[in-house]
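Remember, it's 1-based here, ligands and their atoms both numbered in the order they're listed.
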Amino acid sequence: MTPPLRLGIAGLGTVGVGVLRIVQDHGAMLAARTGRAIEIAAVSARTRDRDRGVPLSDYAWEDDPVALATRDDVDVFVELLGGSDGPAKAATEAALTAGKPVVTANKAMLAIHGQALAELAEANGASLRFEAAVAGGIPCIKALTEGLAANRVTRVMGVMNGTCNYILTRMEAEGLPYEEVFEEARALGYLEADPTLDVGGIDAGHKLALLAAIAYGNRVDFDGVQLQGIERISIDDIRRARDMGYRIKLLGVARATPAGIEQSMRPTLVPAESPLGQLEGATNMVVIEGDAVGQVVLRGAGAGEGPTASAVMGDVADIARGLNIAPFGQPAATLERAVRANAATPCAHYLRLSLRDEPGALARVATVLGQAGISIDRMRQYDHPGDDAPVLIVTHPCTPGDLADALAGVSGTGVVGADPVALQIQDV
Ligand SMILES: NC(=O)c1ccc[n+]([C@@H]2O[C@H](COP(=O)([O-])OP(=O)(O)OC[C@H]3O[C@@H](n4cnc5c(N)ncnc54)[C@H](OP(=O)(O)O)[C@@H]3O)[C@@H](O)[C@H]2O)c1
């Protein structure tokens, strides 16, 4: 009879408690599926005597996550503390050095230290699993690494920050300005302590960098992700995009181009009738396109106790079954340093300009864009109460780099008010 697989769980917050509940409620089912009992040996958190709504008395307690990770009776270290460095990294390294498998939900740690941790895991014959780190309950790492392993991936896209999707869909549904919905999200506890992690695209950028590493066989390159947050999206942008058949999402896109890997996380217009365009509220979506399979769409809860714990326990089940797949789908030593090719692929753009209300202003802007090789597909001027007139332009496909040069020229005309807003339109 195979001995039980004993877990050491560091972190008893939202995700840690979810994991405890699954182990406590689904023990027999998990044993039947994996052929091995899964038990909890020991746990760790900052505050020992807090009531967490789940029984803890059967488990040993450690104040120090590193001590937990190296206990003799812990076979698998489950890291649910958070933070890119500090105790999460120290305990993960301690477990891997001791040859113990690690399961983590920590995208920040992996986005920054993923390569070093993968090398450490492989050097010690231990597995390092992180399904919960990307899009919560959606098994997208498993899909890319295993089910789609035979595909050359042409593009990976994702709406992977539920808070941003909540803010954008609520602005649209209720006609509310960004600032008001942002404060509402803060009051509801949806935002990280540092909100720029969410609304600045950093959290979602971490996730995209992890997916891109697996899809393209490169070392995680978070610094190579072009980031733009949702802070400058106005209710007018949302309405006008809708008028033209689009919705605005904080969309991550990674693709391989002849010049290298493009990675971006930015507010993007997507067709309203596409699966990405129909996404509502805090739900996440990951879209993977492969040369053999075509398009695969995965949709589900990207955060929360149950969904995130589900992903953690999926990884634990694989370890119980004896699977040890390289963390990024191929040996860490074979992962190439990413060649960055940002702003390489042409796409249509949505531009919002604020023009001085004077004769010939629009013509001057159109001329400058034309001279820079940016051709205009559609253009609309809207009613306006003040001195500046909002003008909306949809371009034919151009590279973001060419557009940036053109907009610098537009700013030099002296007829433009506030900085233009430029959003990509993604063909999905
Ligand atoms: N929440 C989600 O929906 C979600 C989704 C996907 C991924 N994740 C990731 O999952 C991880 C955990 O997230 P969470 O939402 O569960 O966080 P959380 O609710 O803030 O819980 C963090 C836990 O870690 C413990 N902790 C923090 N520092 C510690 C230390 N130095 N020593 C011992 N324990 C320490 C805390 O102890 P106390 O309880 O005593 O303070 C708490 O139990 C993060 O990496 C997060 O990014 C979360």
Side-chain angles (χ1 to χ4, degrees), residues 8-22 40 42-54 56 59-69 71 77-92 94-95 102-114 117 128-141 158-166 185 188-194 197-198 202-211 222 281-284 286 300-316:
I9 299 177
L12 299 174
T14 306
V15 186
V17 165
V19 167
L20 257 57
R21 281 195 220 281
I22 290 183
I40 295 167
V43 297
S44 175
R46 263 183 307 230
T47 323
R48 183 165 186 173
D49 51 6
R50 180 181 301 165
D51 178 5
R52 299 175 191 271
V54 283
L56 296 174
Y59 317 134
W61 178 275
E62 292 284 355
D63 287 324
D64 177 8
V66 174
L68 177 86
R71 280 175 68 102
F77 177 60
V78 182
E79 186 281 304
L80 303 171
L81 302 163
S84 60
D85 292 84
K89 178 166 170 270
T92 297
V102 172
V103 176
T104 175
N106 192 333
K107 55 254 173 185
M109 177 176 76
L110 288 161
I112 294 164
H113 305 295
L117 291 173
L128 170 63
R129 307 291 304 239
F130 53 88
E131 184 66 73
V134 182
I138 303 177
C140 53
I141 304 280
V159 172
M160 297 182 288
N161 184 280
T163 305
C164 288
N165 207 37
Y166 166 84
L188 287 166
Y190 288 0
L191 286 160
E192 300 266 359
D194 172 5
L197 289 175
D198 288 312
I202 297 169
D203 164 82
H206 285 152
K207 298 170 187 172
L208 184 75
L210 296 174
L211 286 179
F222 170 64
T283 311
N284 279 204
V286 176
E305 179 185 310
T308 315
S310 160
V312 169
M313 287 307 296
D315 282 345
V316 169

Student: Are the side chain of Asp198 and the backbone N or O of Glu192 linked by a donor-acceptor pair below 3.5 Å?
Tutor: yes

Student: For ligand 1, which atoms have a heavy atom of Ala303 less than 4.0 angstrom away?
Tutor: 3 (O)

Student: Would you say Leu12 has any N or O atom under 3.5 Å from an N or O of ligand 1, going by distance alone?
Tutor: yes

Student: Identify, by atom number and element, the atoms of ligand 1 in contact range of Ala132, meaning under 4.0 Å from any of its heavy atoms.
Tutor: 6 (C), 7 (C)

Student: Does a side-chain heavy-atom distance below 4.5 Å link Asp63 with Arg46?
Tutor: no

Student: Per the side chain to side chain contact (heavy atoms under 4.5 Å, CB included) rule, which among Val312, Val43, Val103 passes with Ile9?
Tutor: Val43

Student: Which heavy atom of the protein is the closest neighbour of atom 33 (C) of ligand 1, given with residue, atom name and distance?
Tutor: Ala45 C, 3.4 Å

Student: Give the atoms of ligand 1, by number and element, whose distance to some non-hydrogen atom of Pro65 is under 4.0 Å.
Tutor: 32 (N), 33 (C)

Student: Would you please test Cys140 and Met160 for side-chain contact (heavy atoms from CB on, under 4.5 Å) and show each step?
Tutor: CA-CA 11 Å; Cys140 53; Met160 297 182 288; 5.8 Å; no

Student: Let me know which of Asn284, Leu208, Leu211, Leu110 forms a side chain to side chain contact (heavy atoms under 4.5 Å, CB included) with Val134.
Tutor: Leu211

Student: Of all the atoms in ligand 1, which lie at a distance below 4.0 Å from a heavy atom belonging to Leu80?
Tutor: 12 (C), 22 (C), 23 (C), 24 (O)

Student: Between Asn106 (side chain only) and Ser84 (backbone N and O only), is there a donor and an acceptor less than 3.5 Å apart?
Tutor: no

Student: For a side chain to side chain contact (heavy atoms under 4.5 Å, CB included) with Phe222, tell me which candidate from Lys107, His206, Lys207 qualifies.
Tutor: His206

Student: Would you mind checking which non-hydrogen protein atom is closest to atom 44 (C) of ligand 1, with the distance to 0.1 Å?
Tutor: Gly82 CA, 3.6 Å

Student: Atom 35 (C) of ligand 1: which protein heavy atom is closest, and how many Å away?
Tutor: Leu81 CD2, 3.3 Å

Student: Could you please spell out the steps behind the salt bridge (charged side-chain N to carboxylate O under 4.0 Å, His left out) verdict for Glu305 and Arg21?
Tutor: CA-CA 10 Å; Glu305 179 185 310; Arg21 281 195 220 281; 2.7 Å; yes

Student: Quick one: which of Ile9, Thr47, Thr14 has a heavy atom closest to atom 19 (O) of ligand 1?
Tutor: Thr14

Student: What part of Pro87 sits under 4.0 Å from ligand 1 if we count only heavy atoms: the side chain, the backbone, both or neither?
Tutor: side chain

Student: When you measure from the side chain of Ser44 to the backbone N and O of Leu68, does any donor-acceptor pair fall under 3.5 Å?
Tutor: no

Student: Under the side-chain contact (heavy atoms from CB on, under 4.5 Å) rule, what do Lys89 and Glu79 come out as? Steps first, then yes or no, please.
Tutor: CA-CA 9 Å; Lys89 178 166 170 270; Glu79 186 281 304; over 6 Å; no

Student: Please state which part of Thr308 comes within less than 4.0 Å of ligand 1, counting heavy atoms only: side chain, backbone, both or neither.
Tutor: side chain

Student: Around atom 21 (O) of ligand 1, find the nearest protein heavy atom and jot down its residue, atom name and distance.
Tutor: Gly13 CA, 3.3 Å

Student: Write out the residue and atom name of the closest protein heavy atom to atom 10 (O) of ligand 1, then the distance separating them to 0.1 Å.
Tutor: Ala105 CB, 3.4 Å

Student: Specify whether the nearest protein heavy atom to atom 17 (O) of ligand 1 is under 4.0 angstrom away.
Tutor: no

Student: Looking only at protein heavy atoms, identify the closest one to atom 48 (C) of ligand 1 and say how far it is in Å.
Tutor: Val15 CG2, 3.5 Å

Student: Could you name the option among Arg48, Lys107, Arg50 that has the heavy atom nearest to atom 8 (N) of ligand 1?
Tutor: Lys107

Student: Is there a nitrogen or oxygen of Glu305 sitting under 3.5 Å from a nitrogen or oxygen of ligand 1?
Tutor: no

Student: Does the Ser310 side chain pair with the main chain of Gly306, one donor and one acceptor, at a distance under 3.5 Å?
Tutor: no

Student: Please write down residue, atom name and distance for the protein heavy atom closest to atom 3 (O) of ligand 1.
Tutor: Gly304 N, 2.6 Å

Student: Is Arg52 close to ligand 1, meaning an N/O of one under 3.5 Å from an N/O of the other?
Tutor: yes

Student: Checking side chain to side chain contact (heavy atoms under 4.5 Å, CB included) against Leu12, which of Leu56, Leu80, Leu81, Val19 comes through?
Tutor: Leu56

Student: If you measure from atom 30 (C) of ligand 1 to every heavy atom of Arg46, Met109, Glu131, which option wins on shortest distance?
Tutor: Arg46

